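Quick caveat: nothing in here was measured; it's all calculated off a predicted structure.
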Amino acid sequence: MAATGTEQGASTYYVSTPIYYVNDAPHLGHAYTTVAGDVLTRWHRQRGEKVWYLTGTDEHGQKIMRTAEANGVTPQEWCDKLVEEAWKPLWEHLEIANDDFIRTTQKRHTDRVQEFVQDLYDKGEIYQGGYEGPYCVGCEEYKTPGELLDGDGGTSQTESGGEFAGQKLCPIHKKPVEMLKEENYFFKLSEYGPRLLEHYENNPDFIQPESARNEVVNFVRQGLQDLSISRSTFDWGVPVPWDDKHVIYVWIDALLNYATAVGYGSDQAKFESTWPASVHLVGKDILRFHAVIWPAMLMANGLPLPGKIAANGWLMVGGEKMSKSNLTGIKPQDLTSHFGVDAYRWYFLRAIAFGQDGSFSWEDFSARYTSELANDFGNLASRVAAMVGKYFGGSLPEATAHGDAEQAVADGLAKAVAEADARIGDELDFAGGIAAVFDFIKQVNGYLTEQEPWKVAKDTSPEGQARLATILYTAAEALRGTAVLLAPVMPATCEKLWASLGAEPHLGPLADQRVRSAGTWGALPVGATVTKGEILFPRLEEPAKG
């Protein structure tokens with residue numbers, strides 16, 4: 001079935017994660033991308049926009065089939081178990097507010113995949129031919145000879161110690177590729193090089209970061225080869241509609257989830273209001289699939305292209321990409337059980353620039369937690385609530401002595417709102433946006449240190465009490481703005497802060513607050529009931545060693 005659309009037709013801010021391969025349980029790398037998408041979509045919801053956030057699982061292909069066989073179950077049983085016992089529970093644990101979770105074994109997806117591929121076949125975009133060459137089952141990717149490593153054990157690129165001597169290795173998994181020779185169907189990818197380059201040129205932000213864009217442009221300029229889109233040596237996949245001896249190549253199947261999940265071929269109204277995607281968040285190891293193959297497929301079938309392909313870097317452990325295959329796949333629960341969920345969400349986006357590789361360190365996490373979360377943010381909230389309780393019976397006093405120092409705080413909040421909104425909402429610079437908010441938190445701490453409300457409180461004159469009231473109102477109002485700005489990053493913590501400030505009875509639920517109005521000074525009303533709730537970031541008890 002043919003489909004049409006316009007580039008600017010969608011009215012929804014639509015973000016997707018990759019759909020994750022369910023050969024094993026999720027690790028920190030998967031959670032990093034998913035938390036980033038959650039923060040991004042929560043941010044746009046707090047801009048008042050219509051948002052759709054999609055994640056899900058990729059469940060076909062040879063790797064899944066072999067993993068299931070090794071575990072003595074069918075591929076579908078394996079997928080069902082992993083999805084229900086590992087993937088969905090983790091996203092719930094991490095407070096991921098996705099709007100949909102798609103599985104590529106669902107009929108709503110498989111039927112539409114067949115229709116899409118049939119369309120391409122009917123248009124003459126697919127032909128039958130033979131493929132012979134290297135294939136990595138771990139990547140589910142056809143490799144070119146130039147990409148492979150030598151497995152002689154004498155190179156620093158592999159830790160094989162000669163185990164794979166004389167064999168060619170996948171550069172990502174450091175394991176031998178398999179040589180395939182079979183009759184397949186091919187998509188005429190080679191014909192789309194000029195159109196792709198033109199799109200990259202006309203839309204310089206289509207691929208981010210710039211290093212990823214340059215890599216893709218250089219790759220396409222070298223010339224594209226037609227792509228094998230079917231396999232005939234196993235049957236765990238979506239059958240090719242005109243030839244059931246073949247199944248559709250898992251990556252063609254997988255990429256189409258972004259369209260099938262939002263109504264392609266089944267709900268035209270939803271599809272037109274949601275497609276094209278605003279942002280596809282992907283790992284850099286799957287960048288070419290999303291920035292080359294996917295847009296070429298859409299061009300071939302007359303569909304508008306996504307707005308942006310944003311590639312995050314790898315999380316590294318000991319210099320290696322974090323993954324199950326090299327035994328560095330740390331479970332998120334290993335960290336949340338110690339640091340808490342909100343601190344976990346905060347840390348990876350605060351410490352690692354999105355788009356760049358970053359190394360995880362328990363020591364760095366612990367140091368940042370203590371310095372920024374416990375000492376700067378949590379302690380500020382506790383001090384302000386305690387002083388309002390002690391000096392004004394928990395009722396937020398009126399600021400009647402507003403001066404230059406208070407204006408500097410108000411200006412600082414407005415600046416933090418503008419910078420965080422631009423960086424997180426538009427540029428996907430999560431680290432920069434969060435840093436802007438924490439710079440403001442430091443400013444407020446500095447304001448309290450300079451104003452010394454605990455000393456001012458000793459002045460019982462009307463002027464002294466007016467000054468004390470103004471200082472504490474200023475600090476509480478600063479925390480009100482901070483709660484709004486950090487709610488997409490640390491939702492549970494900011495809900496506690498919102499409750500502590502007594503904001504909801506007057507301003508409504510935190511989720512209804514708008515990012516761009518967070519800097520409007522004076523929103524927290526006089527008389528709000530401020531209470532000292534539980535400590536936002538308790539002191540960490542470091543685990544015993546040895």
Side-chain angles (χ1 to χ4, degrees), residues 10-20 26 28-57 83-84 86-103 257-258 261-263 270 273-275 277-282 307-308 310 312 332-333 335-336 339-350 354 420-421 423-426 428 430 433-434 437 482-499 503-504 508-516 518 536:
S11 60
T12 302
Y13 188 77
Y14 172 25
V15 176
S16 70
T17 71
I19 50 170
Y20 301 109
L28 293 185
H30 304 118
Y32 174 66
T33 309
T34 308
V35 168
D38 188 63
V39 171
L40 181 61
T41 46
R42 284 176 182 267
W43 193 274
H44 280 263
R45 286 191 189 98
Q46 287 201 209
R47 279 183 171 181
E49 298 173 18
K50 181 181 178 183
V51 171
W52 195 259
Y53 184 32
L54 174 70
T55 190
T57 45
V83 167
E84 297 302 328
W87 290 87
K88 285 185 175 180
L90 178 60
W91 299 157
E92 184 176 349
H93 175 64
L94 293 179
E95 300 287 346
I96 304 300
N98 54 294
D99 296 285
D100 193 7
F101 187 102
I102 190 167
R103 300 178 58 183
N257 92 91
Y258 305 125
V262 293
K270 179 174 179 58
S273 69
T274 310
W275 189 262
S278 305
V279 182
H280 288 318
L281 298 176
V282 303
K308 186 178 298 183
N312 61 259
Q333 295 92 329
L335 300 181
T336 59
F339 295 100
V341 169
D342 272 6
Y344 174 96
R345 290 170 57 96
W346 168 86
Y347 171 75
F348 285 96
L349 296 183
R350 171 71 177 94
F354 194 82
D421 190 37
R423 289 184 178 271
I424 295 175
D426 299 328
L428 277 63
F430 302 101
I434 294 170
V437 181
T482 301
V484 176
L485 292 177
L486 291 178
V489 182
M490 297 185 283
T493 296
C494 291
E495 284 285 359
K496 293 175 185 176
L497 178 56
W498 197 249
E504 183 162 351
L510 179 58
D512 292 344
Q513 308 306 305
R514 295 291 172 254
V515 166
R516 289 171 180 168
L536 297 183

task = Check A36 against L281 and note the closest heavy-atom contact, atom names and distance.
result = C-CD1, 4.2 Å
ask   = Does W275 have K270 sitting over its ring (NZ/CZ under 6.0 Å from centre, angle to axis within 45°)?
value = no
task = Indicate the atoms forming the closest heavy-atom contact of L90 with P26, along with that distance.
result = CD2-CG, 3.4 Å
ask   = Are side-chain heavy atoms of S273 and K50 found at a separation under 4.5 Å?
value = yes
message = Holding to ring pair (Phe, Tyr, Trp, His ring centres under 6.0 Å), I want the full list of residues that pass it with F101, two or more places apart in sequence or in another chain.
response = none
query = Can you list the residues that meet the side chain to side chain donor-acceptor pair (under 3.5 Å) rule with R47, with sequence neighbours excluded?
reply = D421, D426
request  = Please list, chain by chain and in numerical order, all residues satisfying ring pair (Phe, Tyr, Trp, His ring centres under 6.0 Å) with W346, sequence neighbours excluded.
outcome  = F438
key: Listed partners of E92 passing salt bridge (Lys or Arg N to Asp or Glu O under 4.0 Å), at least two apart   = none
inquiry  = If we ignore hydrogens and angles and just use 3.5 Å, is the side chain of H44 paired with the main-chain N or O of V51 as donor and acceptor?
reply    = no
Interatomic spacing from OH in Y14 to CG in D99 - rounded to 0.5 Å = 10.5 Å
remark   = The residue among I19, T41, T274, N257 that forms side chain to side chain contact (heavy atoms under 4.5 Å, CB included) with L54 is N257
request  = Answer yes if the side chains of N312 and T33 hold a donor-acceptor pair under 3.5 Å, and no otherwise.
outcome  = yes
task = Give a yes or no on whether a salt bridge exists between K88 and E84, defined as a side-chain N under 4.0 angstrom from a carboxylate O.
result = yes
key: By salt bridge (Lys or Arg N to Asp or Glu O under 4.0 Å) - contacts of K308 (at least two apart)   = none
Parallel, tilted or perpendicular: ring planes of F430 versus F354, cut at 30 and 60 degrees = perpendicular
task = May I have the step-by-step check of side-chain contact (heavy atoms from CB on, under 4.5 Å) for V489 and V437, ending in yes or no?
result = CA-CA 11 Å; V489 182; V437 181; over 6 Å; no
note = Shortest non-hydrogen pair, Q46 vs A511, comes out as CG-O, 4.2 Å
inquiry  = Just verifying a value: how many Å separate E49 CD and S11 OG, rounded to the nearest 0.5 Å?
reply    = 11.0 Å
task = For G433 and R423, work out which heavy atoms get closest and say how close.
result = N-CD, 3.6 Å
task = Under the side chain to side chain donor-acceptor pair (under 3.5 Å) rule, collect the residues that match up with S16, sequence neighbours excluded.
result = H280
key: Those residues that, when tested against Y53, pass ring pair (Phe, Tyr, Trp, His ring centres under 6.0 Å) (two or more places apart)   = none
query = If you look at every heavy atom in L510 and A483, which pair is closest and at what distance?
reply = CD1-O, 4.0 Å
task = Using the test salt bridge (Lys or Arg N to Asp or Glu O under 4.0 Å), find all partners of D512 that sit at least two apart in sequence or belong to another chain.
result = none
task = Give, for atom CZ of R350 and atom CD1 of I434, the distance between the pair rounded to the nearest 0.5 Å.
result = 7.5 Å
request  = Kindly give the heavy-atom pair with the smallest separation between V484 and V515, and that separation in Å.
outcome  = CG1-CA, 4.3 Å
key: Listed partners of R103 passing side chain to side chain donor-acceptor pair (under 3.5 Å), at least two apart   = E59, D80
query = Excluding sequence neighbours, so at least two apart, what forms ring pair (Phe, Tyr, Trp, His ring centres under 6.0 Å) with F348?
reply = Y344, F360
key: Side-chain touch L28/L335, heavy atoms, less than 4.5 angstrom   = yes
Test item: side-chain donor near acceptor, Y20 and T34, under 3.5 Å = yes
note = When rounded to the nearest 0.5 Å, the distance separating OG1 of T57 from NE2 of H30 is 11.5 Å
request  = Could I get the full list of salt bridge (Lys or Arg N to Asp or Glu O under 4.0 Å) partners for D38, not counting sequence neighbours?
outcome  = R42, R345
task = With rounding to the nearest 0.5 Å, note down the distance linking CE in M490 to CG in L485.
result = 10.5 Å
inquiry  = I need the T482 OG1 to L497 CG distance, nearest 0.5 Å.
reply    = 7.5 Å
task = Tell me, please, which residues at least two apart from T493 pass side chain to side chain donor-acceptor pair (under 3.5 Å).
result = D342
message = Do W91 and T55 have side chains that approach each other closer than 4.5 Å (heavy atoms only, starting at C-beta)?
response = yes
